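Single-structure report; data block below.
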Amino acid sequence: MAQLVVEPEKLETAAQHSDDAAEKNSELKVADDLSKVGNAVRGGDSGDAAVKAGEQVDTLSKRLGDGLKAFSEAVRAAKSEYGETDYSTSVDFKGFRNAIEGKK
């Protein structure tokens, strides 16, 4: 019979890595820089397309950051539950799934 071995310190490490990635992600914004394309390429449609692409990338980036934060919370909840319920746990990762899918 297979056995599940939980190492709480590794759960915390995973959560911290996810937090760090979310923090780095929050610093990334491309829409502002891509809005300058219109000034560089006058008379074409590239400027508008670049702005829309930048906005889309930033929207997806925010969704990823929200997912990373929700994942950290779920992992920490699992760690807490594991420690509080005699080494057995059931954690709902619905918040993580919703964040990745862009649901509120």
Side-chain angles (χ1 to χ4, degrees):
M1 179 149 123
Q3 213 176 16
L4 173 66
V5 178
V6 176
E7 297 179 39
E9 64 278 357
K10 289 189 177 181
L11 290 175
E12 183 56 39
T13 298
Q16 188 58 54
H17 286 310
S18 185
D19 284 340
D20 293 345
E23 179 65 29
K24 293 281 186 199
N25 181 71
S26 71
E27 298 169 6
L28 301 174
K29 303 287 182 244
V30 299
D32 291 342
D33 288 333
L34 287 178
S35 69
K36 298 172 187 171
V37 170
N39 292 334
V41 184
R42 296 180 190 269
D45 295 331
S46 301
D48 291 339
V51 168
K52 289 178 184 174
E55 290 169 351
Q56 181 67 15
V57 168
D58 285 349
T59 297
L60 293 173
S61 179
K62 181 177 181 337
R63 189 181 299 171
L64 174 62
D66 291 346
L68 289 166
K69 290 175 191 173
F71 178 77
S72 294
E73 292 169 6
V75 169
R76 285 194 175 100
K79 177 185 163 199
S80 176
E81 287 289 320
Y82 177 77
E84 292 175 9
T85 60
D86 197 29
Y87 305 109
S88 64
T89 185
S90 173
V91 176
D92 181 8
F93 278 79
K94 183 178 179 184
F96 167 66
R97 185 173 44 254
N98 286 345
I100 289 295
E101 294 174 356
K103 297 176 184 174
K104 297 281 177 180

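Here the structure is a predicted model, which means the values were calculated and not measured. Index from 1, following the sequence.
When atom types are taken as modelled, the side chain of S61 and the backbone of V57 share no donor-acceptor pair closer than 3.5 angstrom. Although no hydrogens or angles enter the test, the distance criterion places a donor-acceptor pair under 3.5 Å between the side chain of S18 and the main chain of L68. Counting only distance, with no hydrogens or angles, the side chain of K103 and the backbone of I100 share no donor-acceptor pair below 3.5 Å.
A distance of 8.5 Å separates OG1 in T13 from NZ in K79, rounded to the nearest 0.5 Å. Separation of atoms CD (Q16) and CD (E9) is listed at 14.5 Å; rounding is to 0.5 Å. For the atom pair S35 OG and E55 CD, the distance stands at 9.0 Å (nearest 0.5 Å). Within the model, atoms CG of D66 and CD of E101 stand 13.5 Å from one another, a figure rounded to the nearest 0.5 Å. Note that NZ of K29 and NZ of K62 are 8.5 Å apart. Values are rounded to the nearest 0.5 Å.
Taking each heavy atom of L64 and N25 in turn, the nearest pair found is CD2-OD1, 4.1 Å. Heavy atoms only, all atoms of each residue included: G65 and A22 are closest at O-CB, 4.0 Å.
In this structure, the side chains of L34 and V51 stay at 4.5 Å or more apart for every pair of heavy atoms.
Residues D20 and K24 are not paired through a salt bridge, judged by the lack of any N-O separation under 4.0 Å between the basic side chain and the carboxylate.
Remark: D19 pairs with S72, R76 by the side-chain hydrogen bond (donor to acceptor under 3.5 Å, both in side chains) rule, at least two apart or across chains.
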